[in-house]
Amino acid sequence: MRILGIETSCDETALALLEAEGGLKSPKFKIVKAFVSSQIKIHAPFGGVVPNLAKREHIKNLPLLEKKLFGTGASAKKMWGSIDLIAVTVGPGLEPALWTGITFAEELSKKHDIPLIGTNHLEGHLWSFLLPHPEVKRPMLSQVFPAIGLIVSGGHTNLLLMKDLTHWKNLGETRDDAVGEAFDKVARMLKLPYPGGPEIQKLALSGDKKAIKFPQPMKHDANYDFSFSGLKTSVLYYLRDNKRAKKADVAASFQEAATEVLAHKTFKALEKYKAKSVILAGGVAANKMMREKLEVGAKAKNKKFFVPEFHHNTDNAVMIAVAGYITKLRKKKYPMKANGLLGV
Ligand code: KG4
Ligand code: ZN
């Protein structure tokens, strides 16, 4: 099956063509083409994503990416003839942004007479570990589940107990800021550009992660929830009271505290539920320290660790095509309307 994926939930406009085969026990994917048009430069002066600007950019970018993906004339017509399904993100995200993708997908579906399916952006992140990886052999799913899934993005922090690819229980989530949001806010305090996650990681390379003992909120609480607002405030007070603080030390110590608390609770769940593996997903999964902590910890416990290839962690449309395929296989139907608060 050939699937066109469309993603517009936040500040990346993305289109991808994916080939998918196999059932829910052994789905296989091949990426044909994928494009992401980032709006970082447009939102950077505002220190965060401005929904109406995102909407305007998506409307401008979608037809450009379509042309890039399909070309024009006879070859475009032939390529459209080969598409079996269009998958689009319906949530969560910024509703004005989501609607641009949905409207565009509906028009294409009608024009080319191709079925359309709505997908959950978070499920797209979660299932991205199934994508081919140049160095790591993709796993047999019988060796993966039960698994602990950790979704860490700009809007979400969720810990899941996954029975299989499509059945899970939400063990815990953040009670305030998402971890990616905390990275972005701390970056802003350090006067680093948006988005802050990659900037903090870069700056932290020249810092000492043990220099400052920032709190690791809720680390030892008897639940699987998280809280990052207090950590963020501690950084704010530290910078206020230590005007000559070395920024690299602040970045490294913050990154250490944020990733440590996530890793700790992931491993606690891994042991408690006797899971076979850890699956890491979402934009913050691009963080090297986060990946390393989970990988090293999981392997030390003789468990497996899965994470998508680096560039498939942040928002893209390949993951939406994957989500489209699995959503179709499991016969789930999301209403074709923007749902900013859709969860997992
Ligand atoms: O999944 P994503 O691209 O968009 C959402 O669905 O939210 O995640 C974006 C988040 C941003 O907060 C960004 O700062 C963070 O992921 N991020 C990182 C890194 N790369 C992206 N955080 C820490 N380290 C990184 N290397
Ligand atoms: Zn995302």
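We count ligands from 1, going down the list as the structure has it; atoms in each ligand are counted the same way. The basis for the numbers below is simple: all heavy atoms, side chains too, and nothing from hydrogens, waters or symmetry mates.
- Counting only heavy atoms from C-beta outward, the side chains of Leu341 and Pro92 never approach each other to under 4.5 Å.
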Donor-acceptor pairs under 3.5 Å, side chain of residues 209-218 to any protein atom, not counting sequence neighbours: which ones?
| from | atom 1 | to | atom 2 | distance (Å) |
| --- | --- | --- | --- | --- |
| Gln216 | OE1 | Lys219 | NZ | 2.9 |

Listing, residues 270-284 side-chain donor-acceptor contacts under 3.5 Å, not counting sequence neighbours, or none:
| from | atom 1 | to | atom 2 | distance (Å) |
| --- | --- | --- | --- | --- |
| Lys276 | NZ | Ser142 | O | 3.0 |
| Lys276 | NZ | Phe145 | O | 3.3 |
| Ser277 | OG | Val144 | O | 2.6 |

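- The distance from ligand 1 to the heavy atoms of Thr314 drops below 4.0 Å at these ligand atoms: 3 (O), 21 (C).
- Under 4.0 Å from ligand 1, the heavy atoms of His125 that appear belong solely to its side chain.
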Can you list the steps and then say if Tyr334 with Leu342 is a side chain to side chain contact (heavy atoms under 4.5 Å, CB included)?
-> CA-CA 10 Å; Tyr334 286 106; Leu342 186 63; 4.0 Å; yes
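- A donor-acceptor pair is defined here as one N or O able to donate and one able to accept, closer than 3.5 Å; such a pair exists between the side chain of Thr157 and the backbone of Val179.
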Might you work through the side chain to side chain contact (heavy atoms under 4.5 Å, CB included) test for Phe306 and Arg138, ending with a clear yes or no?
-> CA-CA 9 Å; Phe306 301 105; Arg138 278 307 158 211; 4.1 Å; yes
Quiz: residues 315-327 side-chain donor-acceptor pairs under 3.5 angstrom, not counting sequence neighbours:
| from | atom 1 | to | atom 2 | distance (Å) |
| --- | --- | --- | --- | --- |
| Asp315 | OD1 | His121 | NE2 | 3.0 |
| Asp315 | OD1 | His125 | NE2 | 3.1 |
| Asn316 | OD1 | Val318 | N | 3.0 |
| Asn316 | OD1 | Met319 | N | 2.8 |
| Asn316 | ND2 | His312 | O | 3.4 |
| Asn316 | ND2 | Thr314 | O | 2.8 |
| Tyr325 | OH | Gly22 | N | 3.2 |
| Tyr325 | OH | Gly22 | O | 2.5 |
| Thr327 | OG1 | Ala323 | O | 2.5 |

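- At the top of the distance list for atom 13 (C) of ligand 1, counting protein heavy atoms only, stands Asp184 OD1, 3.8 Å.
- Taking a cut-off of under 4.0 Å to the non-hydrogen atoms of Ala286, the atoms of ligand 1 that pass are 20 (N), 26 (N).
- Atoms of ligand 1 found under 4.0 Å from any heavy atom of Gly155, numbered from 1 in the order shown, are 7 (O).
- Here the heavy atom of the protein found nearest to atom 6 (O) of ligand 1 is His121 NE2, 3.1 Å.
- The environment of NZ in Lys328 is sparse: at most 12 heavy-atom neighbours from other residues, nucleotides or ligands sit within 6.0 Å.
- Among all non-hydrogen protein atoms, the one lying nearest atom 18 (C) of ligand 1 is Gly197 CA, 3.5 Å.
- For Lys288, the NZ atom is loosely surrounded, since the number of other residues' heavy atoms within 6.0 Å does not exceed 12.
- Between Arg330 and Thr166, the side chains place no donor N or O within less than 3.5 Å of an acceptor N or O (distance only, hydrogens not considered).
- Around the Zn ion (ligand 2), protein atoms of type N, O or S found under 2.8 Å number 3.
- Under a 3.5 Å cut-off, the side chain of Asp249 and the backbone N or O of Gly207 do not form any donor-acceptor pair.
- Closest to atom 26 (N) of ligand 1 among all protein heavy atoms lies Gln201 OE1, 3.0 Å.
- For atom 10 (C) of ligand 1, the nearest protein heavy atom (residue, atom name, distance) is Gly154 N, 3.5 Å.
- The nearest protein atom to atom 2 (P) of ligand 1, hydrogens excluded, is given as Asp315 OD1, 3.2 Å; this is a heavy-atom distance.
- Nearest to atom 15 (C) of ligand 1 among the protein's heavy atoms is Val284 CG2, 3.9 Å.
- For atom 17 (N) of ligand 1, the closest non-hydrogen atom of the protein is Gly283 O, 3.6 Å.
- Residues Gln39 and Ser37 bring no donor and acceptor atom of their side chains to less than 3.5 Å of each other.
- For ligand 1, the polar-atom distance check finds an N/O of Gly180 within less than 3.5 Å of one of the ligand's N/O atoms.
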